[in-house]
Amino acid sequence: MILHQYIRTSASLFSPPNSCLAAAVLSQLFSGLFSLVFAAKMATAGKVIKCKAAVAWGPKQPLVIEEVEVAPPQANEVRIKIVATSLCRSDMYYLSESEEDTFPVILGHEAAGIVESVGPGVTEIQPGDKVIPVFLSQCKECRFCKSPKTNQCDKTWPLIRLPGMALPDSRITCKGKKVQQLAGTSTFSEYTVVRQMAVAKIDPTAPLDKVCLISCGVSTGYGAAVNTAKVEPGSTCAVFGLGAIGLAAVMGCKAAGAKRIIAVDINPEKFEKAKVFGATEFVNPNDHNKPISQVLVEMTDGGVDYSLECIGNVEIMCSALESCVKGWGVSVIIGWTNLRDISTRPIQLIAGRKWTGSLFGGFKSRDGVPEMVKAYLDKKLKLDEFITHNMTLDQVNDAIELMKQGKW
């Protein structure tokens with residue numbers, strides 16, 4: 001689903017205020033508009049910008065379209081005009097499930113836009129650049145960024161441990177009150193300010209209403225299969241949950257050469273979509289009177305080579321592990337949650353199975369996002385097929401309801 005300042009659901013997009021144009025048309029209009037505006041070096045640079053945003057004032061409450069004030073970027077920060085943003089399951093987690101005190105907050109972390117202005121010290125990005133903000137920073141200086149073993153960054157983990165992954169000093173206010181920026185991004189706003197280490201510069205020809213999906217869900221699922229699980233040609237995979245992340249995981253398994261890709265979901269309507277991305281079989285747990293792990297073990301002569309949990313449900317994480325073959329099976333936890341512990345009997349791991357997690361698909365954010373955009377432009381990556389709805393920012397609550405009903 002895409003919200004176009006503008007909302008889009010598959011995902012989601014943002015379009016200019018009061019605009020109801022189709023996403024593709026919107027992108028074309030923005031390209032022409034911004035080439036003219038940025039040629040004049042943006043009259044808004046250095047000033048507070050008043051714009052619309054969808055503010056969550058409390059848990060499980062409808063978002064409210066408010067006028068907010070977005071301060072100029074400070075040192076090493078970038079202010080971005082959001083052109084398109086997607087609605088992600090993680091936004092719903094922080095709105096309705098998380099026990100953290102994150103309110104008031106502006107949700108949204110899956111987006112693409114154009115740089116309006118930059119703060120002191122910003123050297124790699126300039127006004128007019130097309131960019132994708134990401135929740136996972138890449139400072140390129142810490143020991144994690146310098147290691148090829150991980151995509152973690154020392155500058156991200158302090159943020160992850162804070163409520164709503166929000167920076168302590170937000171650049172956005174509403175009615176005189178600071179509003180938290182979810183994941184340091186807050187893309188359900190026409191403008192936002194993000195640290196430059198969490199902004200990826202992308203190909204200027206990229207359609208923002210499509211590549212916004214790369215900033216979270218698509219990279220997370222695809223990379224979990226290719227980078228984290230390291231799916232091998234001829235293997236058998238099971239993907240639990242067919243939201244955007246799950247479908248991207250299916251796509252990653254296919255790209256890696258998996259022979260059998262078993263899609264697992266309780267919504268049978270999702271299988272046809274999963275086939276588009278490469279699923280070869282579909283299993284609905286509700287159609288069986290035995291544990292889904294047992295069903296998969298029987299289907300695959302002992303278990304799958306790789307399983308990917310894309311929901312954020314600890315019970316299903318355990319089922320995914322138990323569906324793997326002993327000796328070499330790999331199970332990857334992708335779904336985001338921090339509410340309950342996970343546990344398994346030691347024999348599950350002693351038998352040779354591996355249980356691991358994946359954040360942002362193992363991609364180093366500022367390096368990996370441009371590569372994914374290039375793959376899309378080279379027609380090696382599907383994005384258009386993820387988009388189920390194009391909606392305006394004013395329709396954000398409708399988009400949330402569609403997600404709750406599984407109609408995205």
Side-chain angles (χ1 to χ4, degrees), residues 1-8 12-21 26 29-30 33-34 37-38 40 42-74 77-87 91 94-95 101-119 127 131 133 164 166-194 208-209 212 390-401:
M1 175 180 307
I2 294 199
L3 302 177
H4 294 278
Q5 240 45 356
Y6 245 141
I7 285 182
R8 191 173 215 166
S12 283
L13 286 187
F14 269 121
S15 80
N18 307 317
S19 172
C20 293
L21 297 176
L26 182 70
L29 290 177
F30 266 119
L33 173 61
F34 275 100
V37 174
F38 283 107
M42 282 305 285
T44 52
K47 301 177 182 178
V48 172
I49 292 178
K50 292 183 178 181
C51 65
K52 289 198 305 183
V55 179
W57 290 102
K60 300 181 181 179
Q61 296 179 18
L63 306 188
V64 181
I65 303 300
E66 304 274 18
E67 180 180 81
V68 299
E69 295 185 342
V70 183
Q74 301 302 304
E77 294 179 344
V78 179
R79 187 160 63 183
I80 304 168
K81 167 64 181 179
I82 299 297
V83 174
T85 187
S86 306
L87 178 61
D91 296 311
Y94 283 104
L95 179 64
D101 182 14
T102 61
F103 302 95
V105 64
I106 297 175
L107 303 174
H109 62 281
E110 193 172 72
I114 298 178
V115 176
E116 175 270 339
S117 60
V118 301
V131 295
L167 291 168
D169 190 12
S170 171
R171 299 286 175 247
I172 305 177
T173 59
C174 181
K175 299 178 180 178
K177 186 173 184 177
K178 286 282 187 180
V179 181
Q180 300 259 40
Q181 290 185 247
L182 179 74
T185 53
S186 285
T187 60
F188 288 0
S189 175
E190 291 173 346
Y191 286 85
T192 191
V193 176
V194 182
L208 299 181
D209 61 324
C212 63
N390 287 298
M391 306 176 76
T392 65
L393 178 58
D394 291 336
Q395 296 173 293
V396 63
N397 290 308
D398 295 333
I400 289 172
E401 286 305 312

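This is a predicted model, so every value here is computed, not measured.
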Please check this pair: side chain of [X] against backbone of [Y], looking for a donor-acceptor N/O pair closer than 3.5 Å.
| X | Y | value |
| --- | --- | --- |
| R79 | V70 | yes |
| E401 | D398 | no |
| Q74 | P72 | yes |
| E69 | T173 | no |
| T187 | H109 | yes |

Rounded to the nearest 0.5 Å, what separation is found between the [atom1] atom of [X] and the [atom2] atom of [Y]?
| X | Y | atom1 | atom2 | answer |
| --- | --- | --- | --- | --- |
| K175 | E66 | NZ | CD | 4.0 Å |
| T44 | K50 | OG1 | NZ | 14.5 Å |
| I65 | L393 | CD1 | CG | 4.0 Å |

Please examine the side chains of [Y] and [X], heavy atoms only from C-beta on, and report whether any two atoms are closer than 4.5 Å.
| X | Y | value |
| --- | --- | --- |
| Y191 | S117 | no |
| D169 | K178 | yes |
| F103 | Q61 | no |
| F188 | I82 | no |
| K52 | D394 | yes |

K47 NZ: over 12 foreign heavy atoms closer than 6.0 Å: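 Counting neighbours around NZ of K47, 12 or fewer heavy atoms of other residues, nucleotides or ligands fall under 6.0 Å, so no.
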A53: side-chain contact (heavy atoms from CB on, under 4.5 Å) partners, not counting sequence neighbours: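 Listed in chain order: V68, I106, S189.
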Residue pair T192, T185: steps toward the side-chain contact (heavy atoms from CB on, under 4.5 Å) verdict: CA-CA 7 Å; T192 191; T185 53; 5.6 Å; no
Lys/Arg-Asp/Glu bridge criterion (N-O < 4.0 Å) met for K81, E116: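 Between E116 and K81 there is no salt bridge, as every charged N stays at least 4.0 Å from the carboxylate O atoms.
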Intermediate values then yes/no, side-chain contact (heavy atoms from CB on, under 4.5 Å), L107 and L63: CA-CA 9 Å; L107 303 174; L63 306 188; 4.2 Å; yes
Heavy-atom closest contact (A71 atom, V193 atom, distance):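 Closest approach of A71 to V193, heavy atoms only: O-CG2, 3.4 Å.
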